[in-house]
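See structure below.
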Amino acid sequence: MTYKDFLKDNGEGKWQDQWEKSQINRAEDFGSKPKKYVLDMFPYPSAAGLHVGHPEGYTATDIYSRYFRLKGFNVLHPMGWDAFGLPAENYAIKTGTQPKVITEQNIKTFKRQIMSLGFSYDWNREINTTDPNYYKWTQWIFLQLFKKGLAYEATVPINFCPSCKTGLANEEVKDGKCDRCGTEVIKKDMRQWMLRITAYADRLLSGLDNLDWTESIKALQRNWIGRSEGAEVDFAVIASEPSRAKRGNPAGSSRLSVGSDFLGMTIRVYTTRPDTLFGATYMVISPEHKLIEELKGKIKNIKEVEKYIAQAKNKTDLERTDLAKDKTGVELKGISAINPVNGTEIPVWISDYVLASYGTGAIMAVPYHDERDWEFANKFDLPIIQVVAPLFTAVTEKDKIKLDKETIRRKMVCVLVKHWADDSYYCLDWGKHDWKSFVMGGVEANETPEQAAVREMTEETGYQNVKSIKQIGGEIHNNHYAEHKGVNRYADSLCFLVELKNEKRSDKIDTEHHQGDWISSSEVKSFINLPNHKWYWDIFQNGEKAFVDIDSGVMINSEFLNDLRPSEAIGKMTSWLEENKCGHKAVNYKLRDWVFSRQRYWGEPIPLVYCENCKKQKQKVLIIHGWEGSGDGNWFPWMKRELEQNGFEVFTPTMTTSASPKIEKWMEELTPYMEKMGENDIIIGHSLGSNAALRLIEKTGKKIGHLFLVGSAIGKLSDELWKLFEQGAPSSDVKSLREFWEGRPIDWEKVTQLAINKNIILSDDDPYIHTDTHKDLPEGWNFELWHGHKHFTVFEAPEILKKVLACKTTGWIPVPENELPLTLPEVDKYEPTGTGESPLVNITDWVKTKCPICGGEAHRETNTMPQWAGSSWYWLRFIDPQNDKVFADLEKLKYFMPVDVYVGGAEHAVLHLLYGRFWNMVLYDLGYVPQEEPFTKLVNQGMILAENGEKMSKSQGNVINPDDQVKENGADAFRMYEMFMGPLEDAKPWNTKGIIGISRFLEKVWNLVNNFSNDGTITPELEILLHKTIKKVGEDIENMRFNTAISAMMVLINESKVVSKEFVEKFLIILAPFAPHMTEELWNKLGHKESIFKEAWPKYDESKIKDEEIELVIQINGKVRAKLKLPVDISEADAIKLAKEDDNVKKYLEGAEIKKTIFVANKLISFVI
RNA sequence: GCCCAGGUGGUGGAAUAGGUAUACACGCAGCACUUAAAAUGCUGUGGCCACAAGCCAUGCGGGUUCGAUUCCCGCCCUGGGCACCA
């Protein structure tokens, strides 16, 4: 039988069935072997079927998985379906078929196609995100986020696709268009569920550092998160009179003092360049800024401003962010702001080039050092102040600063002297100094820079009559060694253009150091060689731009910052702002919260119920005081009052044994309150009250919504500390206190389960409570260390109040976990409504429901989750796909996690991979998964392009169908060709002709194995090559360099003329991961009863991969002149001796002196003559 | 504009702790087998020169080095991502 017959007889299908039957690819839970979790990004089963891009990654992981099984690993290699999402739904609407039916069909097609390629998936673990048994847990995870306060409802302007009629996440918008359908998105105010991914921004960023991902994917995520450091600065707002002279810098008076015209409010800006504060000459606020509303009465041109705001609102995002567009804006007349650093009054503008959603929605404009402000200031004729000068430090040998010489600082001018008639400029050639410059010189004490420019011009050129003089550009600094003076020079220089009137010239010309001549303007650029003069010439030719380079500057016009480098000035200014209480260090991110709801049908229902009644119900707060305290002391009465004003019901009981605390007594007195508390309610414990709160929850076993432990007395103190307690309060009952505090251990596990949100707040200067008593907290406790709060014994505690107010219920009640999954109802019509609600809103008997808490009338949330929800945790479910108690058993997770290798397309770099990491981190914080980061190693396969090098697309008709390829060449050849095309990560064009090379190779192997004679022995050379190949193929697979592994096997087969059985068997095993069907067949033909995949990967013999003879290269002056076949490990002396005897080498060495000989063992000899 | 990746024969690509550039494969040419073609096998295949020797070639221009595809500096081009993010 030929290889072609094998393919024709469906030999591949035969083995696929056999593998499925024997369950050879099954991964064992808790196997004794080392584990490997090899994961593909599970596909979205589209109607178009499998694309050639899919099998690329799948083949890579398949080879990898099969290799590690042969190496004795328990490999988890699963596959599933990411099946919710818009395409199926849109297709359903078009064809009138249920999305569920379409999805089932698509999955069937995908599965058939994937199976036809012989991948070694453990199909027992197949999952489907649209299966209620799966999305039950997607919903459950959402509820955990909700309970943690990481999911919230907000009506915000979001990206909306008018065609898909749904809101989109930032990540789903590409070039202002919907990622799915290409329609231009608009901004629309919509009620949304948002996920607080920004709370994890820092961890999502820092977590990247330790991951084995390509730097480019990490860079994409870092860019997307977009962290920047800077400062927030407050500018006081004052009423301004147009007639009044602008305020200068009120020397001697406090810069922060503002007069009677102060309007009692400030504009806060965010800047990454606090160093440039002295250059801030105006402010800009975004059209959405809330200040407009507050200042309405003060703004004199409010009509004009409101008109501008309306216009900005009507623009699409694409229009607003179009870079080509002219900047627009309106000044807020009647108000001004005060630059806090120098007291200068500056105008406030409104413009849509400032985004409401970033930073504070307002900026200080520093036009000289920001391109956008530069453009705006020039357009509206606003003042521009330079505060950073470019600094040129000489680097050439001659000009380099000499540390042993004195540095003379002075003001200088650079003069562009323009010819009276020609377009040429007078330039100087400094001969032995290697300088070629314009006219230049120092400014004397008694003259202005302009006067100096004219004087220098006259001295150095002799010309006398000036037609005009004009400054070019700003101030620049220059630091170099002046050889002709023997000193270092630091120059602050300005540049002037001096146009001559006529040729009148004196003959008293200074030519001591230089010769002058006219250079035509087209040649000036190449003539001049001083970088600072080149800089000015560039400005003269091309106009001035904003100077934004932070690294090559030095501060000027900035009082206490002068002469600092900007990087130093940023720190100094930030400290100044903090000291003067008008600003502070701040960090900002480009990352926005995740718009999580979709107004569509085909997604997981969000398992929340809205209950008006519960919203009206007062939330209860129980405040438990500490040792020797009372409900009427400390900040408790204040807190009670504040909370009651905000609609809470507050209990502040006083314990009868406050001073000699007894646990039993406290529990007895607190339990009645506890009975009133529920999953929405809040307990605050202070000091020993925290300890009591924990014991109360433990004793009653009741679930509680939020627990706040403030200055909490928990953990064990040392005997010395207790002694101090006794000495400090001799009359008090410290013994009882100690018995209460640490007499009996707290059941932390139980309390952690019962309290949904757990917060501990300590102060770093608390005299009683030391943070080390809190260091063994279990997972899931939110620990905050505040500064300067002592033991929290004050009459008002606004910071704590703020935290409690944030727990206020919204009326949204989670569907009880035992009622999950909340299944997606079957509907006849699933067209999007476009009203901001999903089609589910029309299923009245589904929407109307009973409140799980009060049993009253309530309605369900009708928005559904985005497609990304199901894929944000699926790798966890593969580990325990049938579990109906938890999404996955923690012990199993501990065994299989993390994913060792994750392979998929780079298009998911910021969507799936960011969301997935976020969910995994949240689950980690809640103690449900063992690692913070799910994917240790990430590999992005490159795109497979069409034969013409363009992207494959249906419209171009250049799509390669995997089915056709398998039919024509077999699965083995198709898989191997995809791997042979080039490095996995690279984009590479498909070449249908190329696959024949693989077919020829497989056929060669087939014939070799079928025809070898049993008594054959192989040559020593072939033996060496076999062992080398085993080594290389193994290493290449581990590094996912499949193309070179295949090439190595080809080399081996090309050299194999006579082979032995042992040779054939070893070779088949190393080929098996690549071509599983054919090798299994041949293995069987060789008489083996068991599968080849039950074998072990052959060991290579280190002693057998050493060649006996090597080729030594002889170079002369780096050029190859001879190659000698020599025994391996030949000594340096012998090799050199033999090299010198070579005819060609002799020819070159004849009569020459060998200055140096370089010997690299087993590689080369290099003679230098 | 900013960030990332890359640029090697006719084509896909090998080779970088600096050490024989072009492995392997496609394609092409020639030969063998055949009445012929296909298939298969063998041989050749960067350019100049064409026997050898030599010279020139890894986007372009410089630099470091005995020696650079590999390291450094400056450009050009292609692909991907971000983009009025202060």
Side-chain angles (χ1 to χ4, degrees), chain A residues 4 174-176 214-224 226-228 230 269-273 276 284 286 320-325 327 351-355 357-366 369-373 375-376 548 588-592 906-907 909-910 940 942-943 945 947 949 951 977 980-983 985-998 1000-1001 1003-1004 1007 1041 1043-1051 1053-1054 1111-1123 1143-1144 1147 1154-1160 1162-1169:
Chain A
K4 287 208 174 69
K174 295 263 139 71
D175 298 327
T214 59
E215 279 307 312
S216 56
I217 292 290
K218 289 191 195 180
L220 283 176
Q221 290 218 353
R222 287 193 185 110
N223 275 345
W224 190 263
R227 186 191 147 98
S228 74
V269 303
Y270 172 71
T271 176
T272 53
R273 294 292 303 274
T276 62
V284 188
S286 65
R320 257 184 84 159
T321 59
D322 184 2
L323 285 172
K325 140 194 121 104
K327 296 226 175 341
S351 170
D352 64 5
Y353 86 90
V354 173
L355 306 176
S357 54
Y358 186 76
T360 60
I363 60 153
M364 63 176 204
V366 185
H369 304 290
D370 182 282
E371 281 157 19
R372 297 149 302 180
D373 299 344
E375 190 192 329
F376 193 83
V548 297
N588 257 292
Y589 299 92
K590 290 194 215 172
L591 184 71
R592 302 295 138 81
E907 68 272 20
V910 288
N940 290 111
M943 211 187 313
L945 307 168
E947 299 204 48
K951 278 185 193 166
Y977 177 61
F980 187 61
M981 286 196 299
E985 293 93 333
D986 288 8
K988 45 216 169 263
W990 179 272
N991 180 357
T992 303
K993 273 187 180 162
I995 196 166
I996 196 162
I998 297 289
R1000 282 176 190 158
F1001 166 71
E1003 222 168 312
K1004 236 188 249 180
N1007 293 335
R1041 292 189 302 242
N1043 54 336
T1044 50
I1046 293 169
S1047 140
M1049 289 189 283
M1050 285 174 167
V1051 172
I1053 291 305
N1054 288 345
E1111 199 177 53
L1112 197 76
V1113 173
I1114 317 301
Q1115 290 185 349
I1116 292 159
N1117 282 347
K1119 290 212 185 284
V1120 180
R1121 296 303 177 191
K1123 297 171 185 179
D1143 285 345
N1144 203 34
K1147 202 173 89 189
I1154 298 173
K1155 289 184 190 141
K1156 199 171 162 190
T1157 305
I1158 293 133
F1159 176 77
V1160 182
N1162 294 330
K1163 277 214 170 123
L1164 64 69
I1165 295 172
S1166 184
F1167 295 113
V1168 185
I1169 56 172

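Residue numbers begin at 1 in each chain, while the letters A, B, ... track the order of the sequences. Computed from a predicted model, the values in this text were never measured in an experiment.
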Taking both distances under 3.5 Å as the test for a Watson-Crick or G-U pair, what stems of at least three pairs does RNA chain B have? B:1-7 with B:76-82, B:10-12 with B:24-26, B:27-32 with B:40-45, B:46-48 with B:54-56, B:59-63 with B:71-75

Determine the Euclidean distance between corresponding [atom1] atoms of [M] and [N]; express it in Å to zero decimal places.
{"N": "B/G10", "M": "B/G44", "atom1": "C1'", "value": "16 Å"}
{"N": "B/C56", "M": "B/G9", "atom1": "C1'", "value": "14 Å"}
{"N": "B/G81", "M": "B/G47", "atom1": "C1'", "value": "39 Å"}
{"N": "B/A68", "M": "B/G61", "atom1": "C1'", "value": "15 Å"}
{"N": "B/C48", "M": "B/C42", "atom1": "P", "value": "28 Å"}
{"N": "B/C71", "M": "B/G67", "atom1": "C1'", "value": "13 Å"}
{"N": "B/G6", "M": "B/U58", "atom1": "C1'", "value": "13 Å"}
{"N": "B/C84", "M": "B/C2", "atom1": "C1'", "value": "13 Å"}

Below 4.0 Å: OP1/OP2 of B/A86 and any side-chain N or O of A/Y270: no

Within less than 4.0 Å of OP1 or OP2 of B/C55, is there a side-chain N or O belonging to A/R1121? yes

Touch check for [X], heavy atoms < 4.0 angstrom, all strands: base, sugar-phosphate only, or nothing?
{"X": "A/R1000", "result": "sugar-phosphate"}
{"X": "A/K1147", "result": "sugar-phosphate"}
{"X": "A/E1111", "result": "base"}
{"X": "A/V366", "result": "nothing"}
{"X": "A/N1054", "result": "sugar-phosphate"}
{"X": "A/K1123", "result": "base"}
{"X": "A/T1157", "result": "nothing"}

Is it true that a side-chain atom of A/Y977 and a backbone atom of A/N991 form a donor plus acceptor pair closer than 3.5 Å? yes

Measure the shortest side-chain to side-chain distance between A/I998 and A/I1046 over non-hydrogen atoms and say whether it is less than 4.5 angstrom. yes

Taking the minimum atom-to-atom distance to the side chain of [X], which one of [options] wins?
{"X": "A/M1050", "options": "B/A25, B/C66, B/C55", "answer": "B/A25"}
{"X": "A/W224", "options": "B/U20, B/G27, B/C82", "answer": "B/C82"}
{"X": "A/Q1115", "options": "B/A86, B/G19, B/G54", "answer": "B/G19"}
{"X": "A/K1119", "options": "B/C55, B/G19, B/C84", "answer": "B/C55"}

Between the base of B/C84 and the side chain of A/K327, is one N or O donor paired with an acceptor at under 3.5 angstrom? yes

Output yes when A/E215 and A/K218 qualify as a salt bridge under the 4.0 Å nitrogen-oxygen rule, no when they do not. yes

What pairs with A/W224 under ring-ring contact (aromatic ring centres under 6.0 Å, His included), at least two apart in sequence or on another chain? none

Summarise protein proximity over nucleotides 2-15 of chain B in one line of letters, 5' to 3': B for base, S for sugar-phosphate only, - for none, counting protein heavy atoms closer than 4.0 Å. -SS-------BSSS

Between A/E371 and A/K1156, the residue closer to the 5' end of RNA chain B by nearest nucleotide is A/E371

Whichever of A/I996 and A/I363 has the more 5' nearest nucleotide on RNA chain B, that residue is A/I996

I would like to know whether A/I363 and A/D370 meet side-chain contact (heavy atoms from CB on, under 4.5 Å); could you show each step before the answer? CA-CA 11 Å; A/I363 60 153; A/D370 182 282; over 6 Å; no

Is the base of B/G9 syn or anti, where syn means the angle lies within 90° of 0? syn

Sorted by chain and residue number, the side-chain hydrogen bond (donor to acceptor under 3.5 Å, both in side chains) partners of A/S1047 (sequence neighbours excluded) come out as none

In Å and rounded to the nearest 0.5 Å, what is the CD1 to OG1 distance from A/I1165 to A/T1157? 8.0 Å

Once you round to the nearest 0.5 Å, how far does CG of A/L1112 lie from CG of A/L1164? 7.0 Å

Using a cutoff of under 3.5 Å, can you pull out all pairs of nitrogen or oxygen atoms linking the protein to nucleotides 43-52 of chain B, with atom names and distances?
none

Could you label the plane-to-plane angle of the A/Y358 and A/Y270 rings as parallel, tilted or perpendicular, counting under 30° as parallel and over 60° as perpendicular? perpendicular

A/N1144 and A/R1121: which non-hydrogen atoms are nearest, and at how many Å? ND2-O, 2.8 Å

Identify the heavy atoms of A/S357 and A/R592 that sit nearest to each other, and give their distance. OG-NH1, 3.1 Å

Who passes side-chain contact (heavy atoms from CB on, under 4.5 Å) against A/I1053, sequence neighbours left out? A/F1001, A/K1004, A/V1005, A/L1008, A/S1056, A/F1067

